[in-house]
Structure formats: C-alpha cells, structure tokens
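Only one structure is covered here, and it is reproduced in the block below.
Every heavy atom of this structure was used, including side-chain atoms; hydrogens, water molecules and symmetry mates were not.
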Amino acid sequence: MPVADAPSTGSGSTGTPAPGTNKGNSGPKALVVEIDGLTHAALVDAIAQKRAPALQSFHVAPAWTGGTNGTPTEQRLTDGPSWATLLTGTWVQRHGVRWDTADQRIDAKLAPSIFALARQNAGAGYKTAAVTANPLYPVLLTNETGTVDAAFDCAGSDACVTDHTSQLIEAGNDLLVAQYGAPANAAASSGLGSDAYRRAVSDTAAAVGRLLEGIARRTANDAKEDWLVILTTGHGRDAFGAATGLQTRDNKTIFIASNKELAGLPGTGTAVPADDTLLQLAAATDIAPTVLRHLGSTPAAASYGLNGIALQGTTTLREPTAKTGADRDNIELSWKLAGNTDVPVKVLRDGKLVATLAAGSTSYADYVDAAGDGNYSYVYTLVAGDTMVSLNARIAYLAPVPLMPTLATGLVTYHTFDTLPGVDGKAGASTLAPWAADADGGSLLADDSMRTRYRAKALRIDSRVANASGMSGYRIRQATDVTSDAGTTAFTIGFWVRTDATCSQGVSNGGTVIANKNYDTGNNAGLAIGLFGSCELRFNTGTGSVRGEIKGAHYLSAGQWAYVAMVIDKAGLAMDAYAIDPARGVQTGHVALTPALVAALGGLKNGIGLNEDATGLYYKRQSSSPRGAMDFNDLAIWNRALSAAEVANLYKAAAPLSTLLP
C-alpha cells in the first residue's frame with residue numbers, strides 16, 4: 001500500500017497527548033472497520049447476547065455487495081474485489097479487481113480510493129491511514145501513490161491491527177480504515193456455528209471496543225471532534241462458513257453498522273430479506289460516499305464516478321440501471337427514489353448535464369448521437385436533492401436511418417394521428433372524422449411504431465363502435481382528391497398499420513383497411529386495401545365490372561406494426577404494392593392497369609374510409625367479416641409515385657414525416 005509520509009510496515013509509537021489535549025486536527029473524522037467473516041446474523045446475535053457491549057448503540061442494517069448479477073458490475077464475492085469496493089465505492093467495472101491474486105491492482109484512474117478523494121479537500125489537511133491483517137490488501141493500492149500517510153501490514157495479526165489503529169487514532173489521523181480477519185479464519189476452519197467462531201466474533205467486537213474507547217477519549221477532550229464510525233464486512237459466507245465467491249443471497253449479504261443514525265440507511269434493526277428485496281437496501285458501495293460526505297470531501301457531480309450514495313441523504317437513489325434501448329441509439333436509464341422525492345432529477349453524461357427531469361422522475365432515455373456505428377462507453381451521474389450516484393453504461397450503437405429529404409416532395413395530405421380531432425399537417429388539405437358522429441370508434445393510444453425518440457400517439461379505429469344504422473369507421477376527405485384529379489398523374493398512399501388477431505383466425509370475406517369504393521365486391525369502381533384470412537393484404541382497383549388486383553403476396557403479423565404503401569402511376573398504367581412487416585420482411589407486388597381502371601380510381605368520390613369502405617356500412621352488410629380494431633399511424637398521400645427505396649426508407653427510419661416539415 002503506498003505511503004506518503006510513513007513506512008508501509010512497522011509499529012512506530014505515536015506518543016501520548018498531554019491531558020485535556022488532542023494531537024491532530026479537530027472537526028470531522030472517520031473510522032471504517034472491515035471485519036472479514038462476520039455475518040449480519042452473527043453480529044446481531046452477539047449484540048443481543050451482550051457479547052459485544054461496545055456495539056450496543058450501533059445502528060445495524062443488512063446490506064448487499066457483489067454488484068448486480070448478469071451485468072458488467074457483477075464481481076466475485078471474495079476478498080480482493082470486496083476490499084476494492086470498500087476502498088473505492090465502485091464495482092469491478094471501474095475498480096478492476098477481479099481475483100484474489102497478488103497481481104491485482106485497483107485502477108487508480110477510474111476508481112481513486114477513499115484516501116485519494118478525502119485528500120482532494122486540500123484545505124482540511126486530512127491525515128489518512130490503513131491497517132490490515134489480510135496480506136492481500138496492501139498491494140491493491142500500489143498503483144496509487146501519496147494518498148495514505150500511514151500504512152501497516154499486520155500480516156495476519158488482529159492484535160497488531162488493534163494496536164496500530166489505536167495509536168493512529170491517538171495521533172490524530174482523520175480517516176482510518178482497519179481490517180480484521182479472525183472471524184473469517186474461524187468460519188473457514190470451524191464453521192459459523194462453532195464455539196471458535198463465536199469467540200472470534202466476541203474478541204473482535206472487544207477489539208473494536210478498544211478503538212471506540214480511544215475515540216471517546218478524544219471527543220471528551222474536544223467536543224468539536226465529530227467521529228463517524230462504520231463497521232462492515234467484505235462479503236457473506238455460505239452455510240458452512242466458506243467463501244465460494246458465487247452470487248448467492250448468503251454470499252451477497254453483508255451489513256453496515258454505524259455509530260450515527262443515517263437517514264438513507266434502510267432496514268436498520270430488521271432481518272435479512274429472504275428474497276431479491278435485499279437489493280433495495282444499502283450497498284457496499286455506499287460506504288465510501290458516506291464517509292466522504294462526513295469529511296466534506298464529496299466529489300462534484302461532474303466528476304463523481306462512485307456507484308454508491310451517501311447514506312446521510314434525505315433522498316435516496318436506488319437500483320440505478322442502464323440498458324440499450326430497443327432502437328440501439330439510446331441508453332435507457334432507470335432508478336428508484338425514496339425519502340424526499342419532491343426534487344428534480346438531473347442526469348449527467350460524462351460530467352455534462354443532459355437533462356433536468358421533473359420531481360419524482362424514475363427514468364430517462366438518453367439519445368447519445370454518437371459519431372457512427374460502434375461500441376461506446378459512458379458514465380452517467382444521477383442527482384436528486386442531496387443525493388447522487390454514478391453508473392457505467394455501454395452501447396453497441398446503431399446510427400438512426402434518417403428520412404430521405406425527397407419524402408417531403410409531393411406530400412399533399414398528412415395525418416400524424418397525435419390528436420383528436422385529427423388535423424392535416426398540410427393545412428386545409430383534408431379532414432379526418434368518424435363516418436357518424438354518434439359512432440366515434442376512434443381513440444388515441446401509445447405509439448410504438450416509431451423509434452423511441454419520436455413516439456407520440458397513434459389512432460385506433462374500432463369498427464365495433466357503430467350507430468343504430470350500423471355505420472362505423474373513419475374517413476379522410478381531400479380538398480383535391482388525388483384519385484380523381486386530372487392533374488395528378490401518379491399518387492402514393494402510405495401508412496403504418498397494426499391489426500389484432502382477428503385476421504389470423506380466418507374470415508370468409510375480407511375486411512377493409514382503406515377504401516374509397518363500395519367494397520362488397522372488388523369489381524366495384526375505386527380502390528381498396530382489403531384484409532383477409534391469414535392476415536393477407538390485397539391491393540385492389542375496379543371499374544365496376546372488372547378489377548386490377550395484387551393478392552397472395554402481402555401478409556401482416558397480427559399485433560405488430562407494418563408499413564403499407566399503394567403506389568399508382570396513372571400515366572404509366574401500373575400499381576405497385578408494398579407491405580414491410582417485422583417478421584415477414586419486405587413484400588412487393590406489381591400489376592398493370594387499364595385506362596378504364598385508372599378512370600374509375602375515384603370510386604364513390606366520398607372520401608377514403610379507414611377500417612371501413614366509402615359508405616361507412618361495409619361491416620353491416622358483410623356480417624361474415626367480423627368487426628374489430630385497426631391501429632393507424634402517420635398516414636400520408638403524395639401526388640407522385642414513391643420509389644421502392646423511399647418506401648423502404650420510411651420503414652427503416654421509423655420517424656414521422658413531420659420531422660421533414662417546416
């Protein structure tokens with residue numbers, strides 16, 4: 001262990017202060033005692049049986065360690081990683097200690113120790129010290145120089161730990177970390193239920209009592225000395241007293257005991273939870289920030305980096321998580337708040353503020369806008385009231401596909417379906433309304449067809465909502481109808497659609513997705529997109545006696561959003577059809593049209609029905625086509641033929657066309 005002003009080993013007398021005086025500084029001081037092998041149950045039992053009289057007044061709470069199973073924070077529940085967490089307030093993802101081997105070192109750049117962070121408060125002039133029984137521990141800090149003023153490797157002797165720590169307390173050191181090992185040795189050799197283990201626990205409690213006596217003498221001499229004493233253990237043990245390192249509940253269970261009442265220490269005086277609610281309690285990473293706050297040395301939010309919270313806080317931030325969003329261009333952060341939650345939550349990424357959220361917020365999606373596809377790492381810091389916590393996040397970033405700018409060209413009708421009543425994004429170009437005012441089956445629902453950042457609302461049209469005459473559905477009426485306008489030589493109708501499971505059950509007659517005709521037969525004049533058994537889409541035009549149709553080539557997956565487009569080239573006498581489905585992929589079709597079919601495209605000239613035909617009474621007439629719900633989003637009409645690349649881009653981008661509009 002590196003030393004600033006003292007040798008790394010040795011006994012060195014510190015002298016005896018004159019009566020009524022203290023060596024060293026007054027003010028806040030801290031002692032952290034790690035007792036390897038001491039379980040929460042054994043500590044509680046020793047206190048209850050009066051075998052630890054010096055600890056009777058301590059506030060004891062179960063806590064946890066080892067990081068979160070199955071995430072980059074998960075670490076072995078053995079001595080080296082656990083000691084590194086105690087000293088740095090971080091998990092293995094930052095401190096880097098993975099094994100109990102002599103080659104392991106704490107990453108001093110990513111995870112400076114509690115000693116280094118305390119000394120950043122240069123004005124306080126804190127003196128730091130560490131005394132350890134486990135010979136594995138001193139080497140962990142050898143990458144960090146000049147942060148520990150006195151360090152003693154007691155080479156397995158707990159008596160040495162008590163003697164040197166007592167001397168350092170008397171000498172006026174401000175931050176001390178002491179480590180005992182006798183309970184761990186007894187547990188490993190004799191088990192947790194043995195007399196040897198109970199004696200080791202009692203003896204260690206008595207040794208800690210000697211340290212507390214030294215603190216009591218100092219505070220009696222100087223009322224301004226304010227000591228925080230925290231007792232803990234590195235990791236739990238299995239039922240046989242062994243340290244297996246596995247992520248079991250027994251191994252993850254530790255304790256935090258404090259001489260002070262800490263507002264953010266949950267579970268004080270309670271038993272260890274029998275389930276995963278253990279992870280809602282304090283963690284080993286909370287010890288370092290708690291000590292630093294007591295010493296007035298808490299790093300600024302922009303450089304925080306600790307994976308724990310200071311337990312003095314009146315607001316607590318628990319269970320922070322970070323995962324890649326479904327679109328792979330954002331990181332979804334979540335956390336739990338307790339205590340005083342009436343405070344805004346700030347989110348910092350790599351030290352820079354990216355969002356200030358409303359009081360009580362517990363989630364945020366951060367769109368990182370990286371330079372390009374690849375793997376990226378970030379450090380997030382969450383700040384709520386007087387509490388903050390940091391967590392690391394990684395993302396295999398996929399850059400969003402932007403909408404082609406050409407998609408704004410020729411756009412003549414556009415409905416986002418974000419509000420009701422619906423308003424055309426091209427002012428005055430069309431109206432959207434139910435076929436009958438007394439049969440309004442339209443409702444807004446959460447939109448998950450778009451990329452997460454763009455999600456707003458979608459429109460559900462339920463044809464089961466009908467009036468007394470059987471009228472249902474919605475319709476769009478254009479001021480200039482592209483289907484019949486002589487000046488429009490081509491047009492495209494495109495939209496996102498999602499069906500329920502009705503279509504997958506098989507129906508004897510098709511339903512209507514959109515239609516400007518009477519759809520009792522596809523021969524009738526006009527156009528339609530019908531929905532048939534097995535969720536088949538048919539793209540239909542008719543003259544009144546014959547039809548031009550694409551069928552057997554397009555299918556939807558019930559319950560999933562697909563992009564559908566009908567492209568009609570009047571001048572070129574052709575219709576192209578597209579259905580891009582998440583499970584079935586890109587499905588295309590083509591059919592030639594006759595001049596008669598093109599001349600009849602206007603249908604009833606009564607608007608385009610949605611989940612209905614152009615009469616609003618299709619489902620009444622065709623009772624074998626069961627009424628149901630269809631969801632629509634981002635419906636657009638262009639007065640030109642979109643290319644196959646443009647249609648594919650609409651699906652890949654999954655962004656509303658409104659992002660292209662002024």
- Item | Pairwise side-chain contact, Val513 with Phe632, heavy-atom cut-off 4.5 Å (strictly under) | yes
- Item | salt bridge (charged side-chain N to carboxylate O under 4.0 Å, His left out) involving Arg621 - partner list, sequence neighbours excluded | Asp520, Asp613
- Query: Shortest non-hydrogen contact from Gly602 to Thr483?
  - Reply: CA-OG1, 3.4 Å
- Hey, are Ser363 and Ser334 close enough side-chain-wise for a donor-acceptor pair under 3.5 Å? no
- Task: Step by step, work out the salt bridge (charged side-chain N to carboxylate O under 4.0 Å, His left out) result for Asp276 and Lys252.
- Result: CA-CA 11 Å; Asp276 288 343; Lys252 290 184 73 68; over 6 Å; no
- Item | Shortest non-hydrogen contact between Asn467 and Ala436, atoms and distance | ND2-CB, 3.3 Å
- Without swapping roles, check the side chain of Thr492 against the backbone of Leu642 for a donor-acceptor pair under 3.5 Å. yes
- Note on the structure: Of all heavy-atom pairs linking Ala283 and Trp91, the shortest is CB-CZ2, 4.1 Å
- Message: With a 4.5 Å cut-off on side-chain heavy atoms, are Val347 and Leu382 touching?
- Response: yes
- Query: Between CG of Asp481 and CD1 of Ile637, what distance do you get to the nearest 0.5 Å?
  - Reply: 7.5 Å
- Task: Please work out whether the ring planes of Tyr519 and Phe532 are parallel, tilted or perpendicular, with thresholds of 30° and 60°.
- Result: perpendicular
- Judged by atom type as modelled, is there a donor-acceptor pair below 3.5 Å linking the side chain of Glu332 to the main-chain atoms of Lys323? no
- Task: Taking all non-hydrogen atoms of both residues into account, name the closest pair between Ala393 and Ala322 and its distance.
- Result: CB-CB, 3.7 Å
- Check: Tyr619 side chain, Gly470 main-chain N or O, donor-acceptor pair, under 3.5 Å: no
- Ile529 vs Leu537 side-chain heavy atoms within contact, under 4.5 Å: yes
- Within a strict 4.5 Å, meaning less than it, do heavy atoms of the Leu610 and Leu432 side chains meet? yes
- Query: Quick one: does Asn330's side chain get under 4.5 Å of Val368's, heavy atoms only?
  - Reply: no
- Considering residues, nucleotides and ligands other than Asn69, do more than 12 of their heavy atoms fall under 6.0 Å from its CG? yes
- Modelled atom types, side-chain donor and acceptor of Asp485 and Thr480, under 3.5 Å: no
- Using atom types as modelled and distance alone, determine if a side-chain donor or acceptor of Arg464 lies under 3.5 Å from a backbone N or O of Gly441. no
- Derivation of the side chain to side chain contact (heavy atoms under 4.5 Å, CB included) call for Val345 and Leu337: CA-CA 10 Å; Val345 179; Leu337 288 173; 4.1 Å; yes
- Check for a donor-acceptor pair, side chain of Lys570 on one end and backbone N or O of Thr488 on the other, with a separation under 3.5 Å. yes
- Item | Reference residue Tyr651; test ring pair (Phe, Tyr, Trp, His ring centres under 6.0 Å); the match among Trp561, Trp496, Tyr563 | Trp496
- Report yes or no: does Arg451 contribute a side-chain atom to a donor-acceptor pair with the main-chain N or O of Asp327 at less than 3.5 Å? yes
- Item | Nearest-0.5 Å distance, CG of residue Asn307 to CZ of residue Arg94 | 6.5 Å
- When rounded to the nearest 0.5 angstrom, what is the spacing between CD in Glu74 and CZ in Arg76? 10.5 Å
Mind listing the side-chain donor-acceptor pairs of residues 416-426 below 3.5 Å, one per line with the distance, residues two or more places apart or on another chain?
| unit_1 | atom_1 | unit_2 | atom_2 | d |
| --- | --- | --- | --- | --- |
| Thr416 | OG1 | Asp418 | N | 3.3 |
| Thr416 | OG1 | Asp418 | OD2 | 3.4 |
| Asp418 | OD1 | Lys457 | N | 3.2 |
| Asp424 | OD1 | Tyr414 | N | 2.9 |
| Asp424 | OD1 | Lys426 | N | 2.8 |
| Asp424 | OD2 | Ser430 | N | 3.2 |
| Asp424 | OD2 | Ser430 | OG | 2.5 |

- State plainly whether the residues Arg455 and Asp447 are in salt-bridge range, i.e. N to O under 4.0 Å. no
All N/O donor-acceptor pairs, side-chain side in residues 399-412, below 3.5 Å, sequence neighbours left out:
| unit_1 | atom_1 | unit_2 | atom_2 | d |
| --- | --- | --- | --- | --- |
| Thr406 | OG1 | Glu646 | OE2 | 2.7 |
| Thr409 | OG1 | Thr406 | O | 3.4 |

- Output yes when a side-chain donor or acceptor of Glu536 lies under 3.5 Å from a complementary backbone atom of Gly552, and no otherwise. yes
- Task: Show the numbers, then the answer: is there a side chain to side chain contact (heavy atoms under 4.5 Å, CB included) between Tyr397 and Asp329?
- Result: CA-CA 6 Å; Tyr397 181 80; Asp329 66 345; 3.8 Å; yes
- Note on the structure: Tightest non-hydrogen contact, residues Ala384 and Val343, listed as C-CG2, 4.0 Å
- Message: Whether the Asn606 and Arg475 side chains hold a donor-acceptor pair (N or O, under 3.5 Å, no angle test) is what I'd like checked.
- Response: yes
- Is Ser463 reaching over with its side chain to a backbone N or O of Arg627, donor-acceptor style, under 3.5 angstrom? no
- Between atom CZ of Arg640 and atom OG1 of Thr489, what is the distance when rounded to the nearest 0.5 Å? 11.5 Å
- Is Pro656 close to Met450 at the side-chain level, that is, under 4.5 Å between some pair of heavy atoms? yes
- Query: Nearest 0.5 Å, what's the OH-NZ distance between Tyr618 and Lys517?
  - Reply: 11.0 Å
- Message: Please check: side-chain N/O of Asp107 versus main-chain N/O of Ala111, any donor-acceptor pairing under 3.5 Å?
- Response: no
- Do Gln93 and Thr73 have side-chain atoms, one donor and one acceptor, less than 3.5 Å apart? no
- From Arg498 CZ over to Leu445 CG, what is the distance, rounded to the nearest 0.5 angstrom? 5.5 Å
- Task: Assess whether side chain to side chain contact (heavy atoms under 4.5 Å, CB included) is satisfied between Arg318 and Ile309, documenting all intermediate values.
- Result: CA-CA 8 Å; Arg318 295 285 178 205; Ile309 66 172; 3.8 Å; yes
- In sequence, state the C-alpha distance, the side-chain angles, and the governing distance for Glu319 and Gln280, and then conclude on side chain to side chain contact (heavy atoms under 4.5 Å, CB included). CA-CA 7 Å; Glu319 300 180 68; Gln280 297 174 14; 2.9 Å; yes
- Decide yes or no for Arg584 and His554: does some side-chain heavy atom of the first lie under 4.5 Å from some side-chain heavy atom of the second? no
- Query: In this structure, which one of Met575, Met566, Glu549, Lys551 forms a side chain to side chain contact (heavy atoms under 4.5 Å, CB included) with Asn540?
  - Reply: Glu549
- Message: Looking only at the side chains, is there a donor atom on one of Asp440 and Tyr474 sitting less than 3.5 Å from an acceptor on the other?
- Response: yes
- Query: Hey, is the main chain of Gly548 close enough, under 3.5 Å, to the side chain of Thr541 for a donor-acceptor pair?
  - Reply: yes
- Message: Do Pro595 and Leu573 make a side-chain contact, defined as non-hydrogen atoms from C-beta onward lying under 4.5 Å apart?
- Response: yes
- Does Arg328 CZ have over 12 foreign heavy atoms under 6.0 Å away? no
- Message: If you compare all heavy atoms of Thr324 against all heavy atoms of Ala396, which two are closest, and at what distance to 0.1 Å?
- Response: OG1-N, 4.5 Å
